[in-house]
Amino acid sequence: MDRKKLNFTDCMSFCIGQIVGSGVFVLTGIVIGLTGHGTPYGFAVAACISLLQLIPMAMLASCMPASGGSYVYAKRLIGPRASFVYLMIFVLSQVLIATFAKGFAGYVAVIFPGVNQTLIASLALILAVIVNLIGLKTSAKVQNVMVALLLLSLFIYIIFGLPKVDWSMLEFSSANIMPNGTLSFLRGATMLSFACGGAKFLAENGGEIENPGKTIPRAMVLSTILVAVFYALVAIVAACVLPLEEISGKNISVVAKSIFPTPIYLFFVIGGAWFALLTTLNGTLSWVTRGLQRAAKDGWLPVSWARENAAGTPVVMLFFFFIVGMVPILTGMDTTDISNMGTGCSKLSDLLMVYACFQLPRVFPEQYKNSPLYVDPKKLNIALAIVFVVLALTSYVSLSSLTGRQFLYIGIYIVVALCVMAARHKSYLKIATEQENKK
């Protein structure tokens, strides 16, 4: 069954929905506790980090768009084992799925204080799975509606809040924007870079996008800039209306309650926070399966796991990530720990994409020269070197906050993943040989 491909508007909606989510609605209060009035500046630094991260993904997607993009790039440009390693780190980073669901439940509790948040988070994840089972294009239509409502709610938050801002709180001094020191500010900015970094994953759906060489980079960059502007303005209101002791560590609904009439406050929480987190959850599940699906087709996992339903959804892979998201919810894992683990591992996997992009002009010179984003390879290498250093540092900042026990669990996971790679290597070689003989 042929499926309609996603156009530029669909891609913008998915990118915005992927970016606007747990970051601004869940992490802002936590970062205010780290940076005080420096939170708006933290968002600016985070947006710069996110734009740097887009360089390798935009370049790769413009040259060789593919479903399961990152996995395919690692395979073609570094090697099959490297692609499997990338995929296993990527899977570990997707504990972040639980953050979206738990964040949604937290905002439901703002309106209904006695609600069982574990139950609500589980139901939100189940709903997102059902929407994605219907199909990617239908999922995009749902996304368009939810994105419009959440952006409207943030716009209202800004309009009502800016007149009440104490602008003296934005004084650009180290004492004001870094009250807990430079390291705390950098940790806050690193955490917020997760909030600004969702657009890069549009590349995972490269095979389902119209004119991907131009559409993917444009949607990535424009959506990131658009959301960064919103984030900075929202952060100004969140950090500079009420005293720090009233908002530190709390979600932005505290300020919303102080500036909105009750009906508008309810719209903000429901149309804004609820839908922001649901769009992130829905958008994540729409692309997160593609890498594993390609790995299964290549033999790293049972080939039957790659099968799609009539709507084009890889059901087994979708169920797999449902489990990845559900485990932290049911075990009560702390949201901050989930975010740090997911963000740190995500940036580790991004380092492989930077290396893959380094190889692009050498391995696929024709595709690179024909790319809409072509630049001199020497200039590209300089840019990639900067991106590599930034990602390495931000990964260290995120992972350094984890406990010894959490590092132990990560180590066990890595050992298991390597054992799976060793066990499935013969199957991969067999399928690769069969595919080569068919050419």
Side-chain angles (χ1 to χ4, degrees), residues 16 19-54 103 150-199 221-260 268 272-273 276 280 336 339 343 390 394 397-398:
I16 293 172
I19 302 169
V20 180
S22 63
V24 69
F25 286 102
V26 177
L27 297 179
T28 302
I30 297 173
V31 175
I32 288 174
L34 293 171
T35 68
H37 298 136
T39 301
Y41 299 104
F43 268 119
V45 174
C48 291
I49 294 172
S50 297
L51 287 172
L52 284 174
Q53 285 182 257
L54 292 180
L150 73 90
L151 288 179
L152 176 61
S153 69
L154 286 177
F155 180 75
I156 294 173
Y157 184 85
I158 293 167
I159 294 300
F160 273 78
L162 285 180
K164 299 183 179 181
V165 166
D166 180 353
W167 296 98
S168 65
M169 294 182 179
L170 289 174
E171 177 189 355
F172 192 78
S173 66
S174 59
N176 187 49
I177 68 176
M178 300 181 185
N180 299 312
T182 304
L183 183 58
S184 289
F185 178 84
L186 292 176
R187 282 177 175 167
T190 298
M191 189 176 293
L192 294 176
S193 70
F194 153 67
C196 299
V221 173
L222 289 177
S223 62
T224 299
I225 293 173
L226 175 63
V227 174
V229 172
F230 266 80
Y231 273 5
L233 294 174
V234 169
I236 289 172
V237 175
C240 303
V241 171
L242 297 178
L244 288 177
E245 59 268 18
E246 294 184 22
I247 56 177
S248 180
K250 300 178 182 178
N251 65 48
I252 62 176
S253 67
V254 174
V255 175
K257 194 170 186 179
S258 73
I259 64 176
F260 288 150
F268 172 78
T280 304
T336 302
S339 297
T343 302
V390 170
T394 52
V397 170
S398 293

Any chance you could lay out the side chain to side chain contact (heavy atoms under 4.5 Å, CB included) test for F260 and I156, step after step, and finish with the verdict? CA-CA 9 Å; F260 288 150; I156 294 173; 3.8 Å; yes

Verdict with reasoning, V234 to F25, per side chain to side chain contact (heavy atoms under 4.5 Å, CB included): CA-CA 10 Å; V234 169; F25 286 102; over 6 Å; no

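Residues V221 and I225 form a side-chain contact, since some pair of their non-hydrogen atoms from C-beta on lies under 4.5 Å apart.
The two residues G33 and N180 have their closest heavy-atom pair at O-ND2, 3.2 Å. Considering every non-hydrogen atom in both T28 and A238, the closest pair reads CG2-CB, 4.0 Å. For the residue pair P40 and L170, the shortest heavy atom distance occurs at CG-CD2, 3.8 Å. A pairwise comparison of heavy atoms in I19 and V227 identifies CG2-CG1, 3.5 Å as the closest pair. In plain terms, the two heavy atoms of V241 and K164 that are nearest each other are CG2-O, 4.0 Å. Smallest separation of non-hydrogen atoms from A47 and A228: CB-CB, 3.6 Å.
Rounded to the nearest 0.5 angstrom, S173 OG and H37 NE2 are separated by 10.5 Å. The line from CG of L244 to CD1 of I32 is 7.5 Å long, rounded to the nearest 0.5 Å.
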Distance-only donor-acceptor hits, side chain of residues 186-198, under 3.5 Å, sequence neighbours excluded:
residue, atom, partner, partner atom, Å
T190, OG1, L186, O, 2.8
S193, OG, T190, O, 2.5
S193, OG, K347, NZ, 3.3

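Side-chain N or O atoms of N176 include one that pairs as donor or acceptor with a backbone N or O of M169 at under 3.5 Å. Remark: side-chain polar atoms of S258 are paired, donor with acceptor, to backbone N or O of V255 under 3.5 angstrom.
Contacts classified as ring-ring contact (aromatic ring centres under 6.0 Å, His included) and involving residues 163-185 (residues at least two apart or in different chains) are given here: Y41-F172.
Side chain to side chain, T39 and T35 meet the donor-acceptor criterion of an N or O pair below 3.5 Å.
Ring orientation note: the planes of F268 and Y157 are close to parallel, at an angle under 30° on the 30°/60° scale.
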